[in-house]
Amino acid sequence: MTDPQPYTGPPPTRPYAPPPVTYSPPPGWPGYGPPGYGPPPYGPPWPPGYGPPWPPAVPRQAPPGVRWQPPPGTPPHDVPRTFLQVMRSRDWQWWRPLLGLLLFGFVFFVADVVVVLIAFLTQLSPDLALQDLVDPATLLITNLTLIVAIPTVWLAWAVAHGMQTGWSASVLARTRWRLFAPLTGRALATLGAGIALIVVVSIAVDPQAVSGPVRGFGWLLVVVFLTTPLQAAAEEYLFRGYLSQAIAAWVRAERAGPVVAAVVTAGLFSLAHVPPDFLTFADRFAFGLAASAVVWLTGGLEGAIVLHAVNNVLVFVLAGALGEAVQTDDTSGAGLLVVLVDLLAVAAYVWLVARSRRILRPETETAAVDLRVPRVGAAPGGW
């Protein structure tokens, strides 16, 4: 229906719109700035009063009696560190490793005395000289006297350094369990093959050496599989772990520190096994160097623990199954041949670990947050 009286009033108004705002640069500043300037971000040439020389940085000072502390969970390193340099945290002091070693020696000695005393009182092991290592009770006591080194190393880290005990294991401050399975396969393929070859040669030279399973072989297997990996780990926590980290931390040169630590700890490791001759010493020394190389390649103890555990488990299982007279890693018989096979086997393991780093992707440096206070007068970002 059409409206008979159309609207004749004023025209409708439009929505209010403010007038556009325009900016006029000062004379001589066409566009965004003085001649030569482009659109943001600005760069040189700097306008008068801006740009370098920068005003000196003023470090923040804590009030008297107050010491700044980083937030919980902050990494203890200002710059990334390798595993052997982990002790060089923000509060590094040269005496901390020395205190840790003294504490370790005292607690470890007391713990060993307690373990042996319990064995004596319970008459668990008739061989308190701990020489017959294929006897299940003797091997158990021997392993326990070494396993106590693990919590003792943790105690040294907590007391002497005030850091997490996981720094004794890897650059992630924890044990990287994902590495154990693939590294065990590589150790069996190299070191296991070498030990098997030594056993075959030993039997071929003296077939009468095979005397069958030793007495209590079943219990021996239980002790070996339950405690020998921990015993091997304990030795690595000490020699390739805390002791190597202490030596490398004392050496200022980051490249020379791992080399010095590897040589010194390999010698101490070999002497700790009381080698009867030079060949045995050389064999253990080479083993220690290989373990140190794996630690350097992977940024933690996992690879060295696998190497040591596979070696010890195979040695004790084969010695118990075939008889003590069959050589496994003893250099007293075949001598030079055993050492050569061992050298090839551990070298092959180190080579496989180095080749596997692209697949396994082991972390080799710690996380870091730089909390150092800038020097007065330094440019932004400088120290």
Side-chain angles (χ1 to χ4, degrees), residues 130-135 139 142 183-214 217 220-221 224 228-229 231-232 235-236 239-240 262-295 297 303-355:
L130 304 180
Q131 297 294 325
D132 185 12
L133 294 182
V134 293
D135 174 68
L139 182 61
T142 303
L183 291 175
T184 299
R186 288 160 175 78
L188 289 173
T190 53
L191 190 63
I195 293 175
L197 178 60
I198 293 172
V199 171
V200 170
V201 172
S202 176
I203 295 176
V205 172
D206 184 12
Q208 302 299 323
V210 179
S211 57
V214 297
F217 179 64
L220 178 65
L221 290 180
V224 167
T228 296
Q231 167 264 319
E235 294 189 29
E236 295 307 314
F239 289 102
R240 257 66 63 179
V263 173
V264 173
T265 56
L268 295 176
F269 174 77
S270 184
L271 292 174
H273 288 77
V274 194
D277 50 48
F278 177 75
L279 282 177
T280 305
F281 175 85
D283 183 68
R284 303 294 188 273
F285 186 83
F287 188 94
L289 291 181
S292 293
V294 172
V295 169
L297 288 170
I305 291 174
V306 167
L307 175 67
H308 203 151
V310 167
N311 177 81
N312 289 10
V313 168
L314 290 180
V315 165
F316 286 120
V317 169
L318 290 174
L322 303 177
E324 298 179 69
V326 177
Q327 290 190 82
T328 51
D329 64 344
D330 183 12
T331 63
S332 59
L336 184 60
L337 176 62
V338 174
V339 174
L340 291 178
V341 172
D342 279 349
L343 288 177
L344 290 176
V346 296
Y349 176 74
V350 174
W351 179 78
L352 276 183
V353 171
R355 288 290 302 271

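Just so you know, residue 1 is the first one in the sequence shown, and it goes up from there.
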Notebook entry, point to check: Of all heavy-atom pairs between Val306 and Ala187, which one has the smallest distance, and what is that distance?
Noted result: CG1-CB, 3.8 Å

Margin query: Give me the atom names and distance for the closest heavy-atom approach of Val224 to Phe316.
Written below: CG2-CB, 3.7 Å

Notebook entry, point to check: Roughly how far, to the nearest 0.5 Å, is OG1 of Thr142 from CD of Gln231?
Noted result: 9.0 Å

Notebook entry, point to check: With sequence neighbours excluded, what pairs up with Ser292 under the side-chain hydrogen bond (donor to acceptor under 3.5 Å, both in side chains) test?
Noted result: none

Next item on the list: Mind telling me whether His308 and Phe269 have parallel, tilted or perpendicular rings, with 30° and 60° as the class edges?
Entry: perpendicular

Note to self: A side-chain contact here means heavy atoms from C-beta on lying under 4.5 Å apart; do Leu271 and Phe281 qualify?
What the structure shows: yes

Notebook entry, point to check: Is it true that atom CZ of Phe278 has more than 12 heavy atoms of other residues, nucleotides or ligands lying nearer than 6.0 Å?
Noted result: no

Notebook entry, point to check: Which residues satisfy the side chain to side chain contact (heavy atoms under 4.5 Å, CB included) test with Leu289, sequence neighbours excluded?
Noted result: Ala262, Ala266, Phe285

Item checked: Donor-acceptor contact below 3.5 Å, side chain Ser270 vs main chain Arg284 -> no

Item checked: Pair Ile203-Leu322, side-chain contact (heavy atoms from CB on, under 4.5 Å): steps then yes or no -> CA-CA 10 Å; Ile203 295 176; Leu322 303 177; 4.2 Å; yes

Check: Nearest heavy-atom pair of Val339 and Leu279: which atoms, and what distance?
Finding: CG2-O, 3.7 Å

Notebook entry, point to check: Do Tyr349 side-chain atoms and Gly303 backbone N/O form a donor-acceptor pair below 3.5 Å?
Noted result: yes

Note to self: To the closest 0.5 Å, what do you measure between OG1 (Thr228) and CG (Asn312)?
What the structure shows: 6.5 Å

Next item on the list: Evaluate the side-chain proximity of Leu314 to Leu188: yes if any heavy-atom separation is below 4.5 Å, no if none is.
Entry: yes

Checklist line | Exercise: identify the closest heavy-atom pair between Leu133 and Leu220 | finding: O-CD1, 4.3 Å

Note to self: Walk me through whether Val134 and Leu139 qualify under side-chain contact (heavy atoms from CB on, under 4.5 Å).
What the structure shows: CA-CA 7 Å; Val134 293; Leu139 182 61; over 6 Å; no

Next item on the list: For residues Val317 and Phe217, report the shortest heavy-atom separation together with the two atoms involved.
Entry: O-CE1, 3.8 Å

Margin query: Show the nearest heavy-atom pair for residues Ala291 and Ala304, with the distance to one decimal.
Written below: O-CB, 3.8 Å

Check: Judged by modelled atom types alone, do Thr280 and Asp283 share a side-chain donor-acceptor pair under 3.5 Å?
Finding: no

Next item on the list: Report yes if some heavy atom in the side chain of His273 is under 4.5 Å from a heavy atom in the side chain of Glu235; otherwise report no.
Entry: yes

Check: Are Trp351 and Thr190 close enough, and set up right, to give a side-chain contact (heavy atoms from CB on, under 4.5 Å), and what steps lead you there?
Finding: CA-CA 10 Å; Trp351 179 78; Thr190 53; over 6 Å; no

Check: Is any side-chain heavy atom of Ile198 less than 4.5 Å from a side-chain heavy atom of Asp342?
Finding: yes

